[in-house]
There are 2 protein chains.
Amino acid sequence: MGGVTQTRTTRLERGRSALGPALELVHTGRAPTRAVLTNQLGVTRATAGAVAAELQALGLITVDPRPGGAGGAQGRPSHRLAVDPEGPVVLAAQVHADGFRAALVGLGGRIVATAPGCQDVPADPGHVLAAVVEAGAGLLRASGRRCLGAGLAVPSAVAEPEGTALNPLHVAWPAGAPVRDIFRERVREAGILRHPEGGDEAPPGAAVLAGNDINLAALAEHRHGAGRGSRDLLCVATGHRGVGGALVLDGRLHTGSSGLALEVGHVAVNPEGRPCHCGNRGCLDVETDPLAFVTAAGREPGPEVSLLQQSRDLLRTEYADPAVRDAAHLLVDRLGLGLAGLVNILNPDRIVLGGLHQELLDADPERLRAAVAERSLWGRSGSVPILPSTLGHNSLVGAAELAWQPVLDDPLAALGG
Amino acid sequence: MGGVTQTRTTRLERGRSALGPALELVHTGRAPTRAVLTNQLGVTRATAGAVAAELQALGLITVDPRPGGAGGAQGRPSHRLAVDPEGPVVLAAQVHADGFRAALVGLGGRIVATAPGCQDVPADPGHVLAAVVEAGAGLLRASGRRCLGAGLAVPSAVAEPEGTALNPLHVAWPAGAPVRDIFRERVREAGILRHPEGGDEAPPGAAVLAGNDINLAALAEHRHGAGRGSRDLLCVATGHRGVGGALVLDGRLHTGSSGLALEVGHVAVNPEGRPCHCGNRGCLDVETDPLAFVTAAGREPGPEVSLLQQSRDLLRTEYADPAVRDAAHLLVDRLGLGLAGLVNILNPDRIVLGGLHQELLDADPERLRAAVAERSLWGRSGSVPILPSTLGHNSLVGAAELAWQPVLDDPLAALGG
DNA sequence: CTGGCTTTGTACCGGCGATGAATAAAACAC
DNA sequence: GTGTTTTATTCATCGCCGGTACAAAGCCAG
């Protein structure tokens, strides 16, 4: 009678102390020393030092007392903080039109090991994901690393919170396949997340998640690539067919209320354009993808899985051909119109382009920037930096980011068990 | 010698304890009792009780021991938590095509006093803002309340962080007028923020800010109106001319990297439409505003400042006229197309419409919902709730929210001085 | 080479807010 | 009335963080 302690509160589990933010700063390379960590966190040196010591004790970062490079500094040299290259990893997996890929990725976005596994993708997601996870398990056995989570990138919008692939592109999966749960089940079966020493089950905080490949590429570019430091990053990219987009706000992926945001393919850019399966005509999706480019250049389109490569080759080796150049100009203008519309709606502080769009930007940066500036309402928008993506395998690194997130949010909970 | 204390850290000033979140919960009506406050904050009852006591001591909320209404409850009845109706206020000001308005607004979005001040808006923003502030100062003298900040709503995009009005609509201001600084200067001159007892200067934390009227209306709808509880709220509304939009993410206004986001007026909805000043044709801006409606209904448009009222009258009293109904259908379909495009990009969990769009929704809710569902890619998006706004003077309330924000973030700092 | 100067890393204490348990209070059910 | 349930309040305690002092490690001037 009396003390019923407390009705269970819906605890927010806000990450204990500044451990998480500190790890994120080191993870993204924004805190090379304890001193800047102190400034970035807004805490005292004492606290920053304690936090760094704890992260080191957890085996996540290293502290190198060697004076760090920039010799011109006054005062006592800083010790170098870095991600521990021998630390734990996560499993990153990607399924795309050409096959699949698995990798182990450490903190800092460093790819530790990869297994290509290029094969045709069968119609049953269960088989592919089993194969991917098996490849990852092999990598893990070979490396002896501890694995803290797993992330999967798929060429489809992923509905949240269900984790289902709504419109798998060019992999013959059924729409609505529960890829997240299938992936999770395969990972559980493989026992990847089991703590190596203790024979325990998977740690409770470990994440096994799935996301759209372009969303994840954007996340990777934000953390480790051309989007570093952006607070409001828009990414637009093509695969072989279609156009995808992603938005990273304040360091977090903006997936909308149900994971379906940034379906940017259906912004209208050409009133007389080709009909699109969405019902309109002249959508970004059908006007600026590799098929549109190859066609506009008057070439015979090859097989679908090679359209991106064919477009690349055209741009890089036959740009002197007027037909190719005109086609590039046409696509650049239409892409510029689409991006301008997105700028008017989202007002990003940076735009990063991937796939064919990246190639088009490289081919004629000024034309694209001018097109965006001209069609976006504000003169200021003309100064939105438009950059090519800088990471290879960025979807893979992004899938790893997904799996790292719980660790970055609360390292103690994710490791301590 | 020796201890140099600490190099000045860029302190994050994260709000002391859970005081701010607690006040926000009471402010938005989501915490009617200490018990739900406990749950919402995820703290213990002890903490929630202490926090409530402190807010009461600060004169911001009241605690009413009277058992609160819902008689069916088990156990000891809760005390009612409410915003203190005698508490401090902020000055809210709005300038629009028809004139200006000033009001005192308390916590909870309650308008305490208003001064209409309907007159023509002179071309010099300094004069209007002086008049608005003078009206507000009169209200303050009459009420004897303490004023904690001031917010201004203007019919223009406001660039951040400059606080300049980039495209004032239908008030003859120069583009780029520094309205925020002018407003701030007038408020300072009027001595509104001076603490009544102490003859001190304005408290350092007090906010004097300006924002776009539709953005602020969206903020008000989110906190106190049809957008309550939404995590991803899209608002679209018309004035007399043109279309504006706003997005509220996780309770914060998303203004983009430089305050220019959600310029939704230039989404294309009619390839053969009227030319728009943006260079395209058939933009939402010129296809779904009151002028477009009056014209489509075959009526002679009246003076610009009465177009919205003229449209309202047509819809409400002459909807039986086939010309009016057809015009409404046409605009609904185009609005639906535009909203569908925004849904594909933003994936909101709710849409709130204002101005003429609200009237169009009221006139034929099912047609608009169907149009959005049909044109947005995902079946799920068809279930996006589309609601009319529920607040009168919502821009004014939103301007007040702007001024309340520092108090909600850290009540102690904002009041204690 | 020696003694300031500057910046970085560490030890210690104290404050403050939150937790957790126990107790009191106020209704409803029987 | 008595027991049950839910809510409010008091109190001891814990842990994170801030502030201070001090030690360490390189430049620079003489």
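Just so it is clear, the structure is predicted and the values come from calculations on it, not from any experiment. A note on names: the letters A, B, ... follow the listed sequences, proteins ahead of strands, and every chain is numbered from 1.
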Hey, can you pull the donor-acceptor pairs under 3.5 Å for the side chains in residues 83-92 of chain B, sequence neighbours left out?
residue: D84(B); atom: OD1; partner: E86(B); partner atom: N; Å: 2.8

Checklist entry - With R228(A), which residues qualify under salt bridge (Lys or Arg N to Asp or Glu O under 4.0 Å), at least two apart? => result none
Item to check | Whole-Å gap separating P (dA8(D)) and CZ (R80(B)) | outcome: 11 Å
Checklist entry - Looking only at atom types and distance, does a side-chain atom of D349(B) sit under 3.5 Å from a main-chain N or O of S257(A), one as donor and one as acceptor? => result no
Next on the checklist: Go nucleotide by nucleotide along DNA chain D from the 5' end; which of V36(B) and G75(A) gets its closest nucleotide reached first?
Outcome noted: V36(B)
Next on the checklist: With a 4.0 Å limit, can you tell me whether T44(B) has a side-chain N or O closer than that to the phosphate oxygens OP1/OP2 of dT19(C)?
Outcome noted: yes
Next on the checklist: So, OP1 or OP2 of dC17(D): does either fall under 4.0 Å of a side-chain N or O from T47(A)?
Outcome noted: no
Next on the checklist: Is the shortest side-chain heavy-atom distance between H224(B) and R110(B) below 4.5 Å?
Outcome noted: no
Checklist outcome for this item: Of T33(A) and R76(B), the one whose closest nucleotide on DNA chain C sits nearer the 5' end is T33(A)
Checklist entry - Between atom CG in L41(A) and atom C1' in dG18(D), what is the gap in whole Å? => result 14 Å
Checklist entry - Within this structure, what is the CD-to-P distance between E54(B) and dA8(D), rounded to whole angstrom? => result 18 Å
N/O to N/O distances under 3.5 Å, protein versus nucleotides 10-14 of chain C:
residue: dT10(C); atom: OP2; partner: R34(A); partner atom: NH1; Å: 3.0

Item to check | Set of ring pair (Phe, Tyr, Trp, His ring centres under 6.0 Å) partners for H254(A), sequence neighbours left out | outcome: none
Checklist entry - Would you say the side chain of V248(B) lies within less than 4.5 Å of the side chain of S230(B), judging by non-hydrogen atoms? => result no
Item to check | Contacts of type salt bridge (Lys or Arg N to Asp or Glu O under 4.0 Å), residue R231(B), not counting sequence neighbours | outcome: D250(B)
Checklist entry - Quick one: bend of the helix from dC1(C)-dG30(D) to dC30(C)-dG1(D) from 5 pairs per end, to 10°? => result 0°
Checklist entry - CG of D64(A) versus P of dT8(C): gap in Å, rounded? => result 17 Å
Next on the checklist: Can you classify the ring geometry of W404(A) versus H27(A) as parallel (below 30°), tilted (30 to 60°) or perpendicular (above 60°)?
Outcome noted: tilted
Checklist entry - Closest approach of L140(A) and R145(A), non-hydrogen atoms and distance? => result CD2-O, 3.7 Å
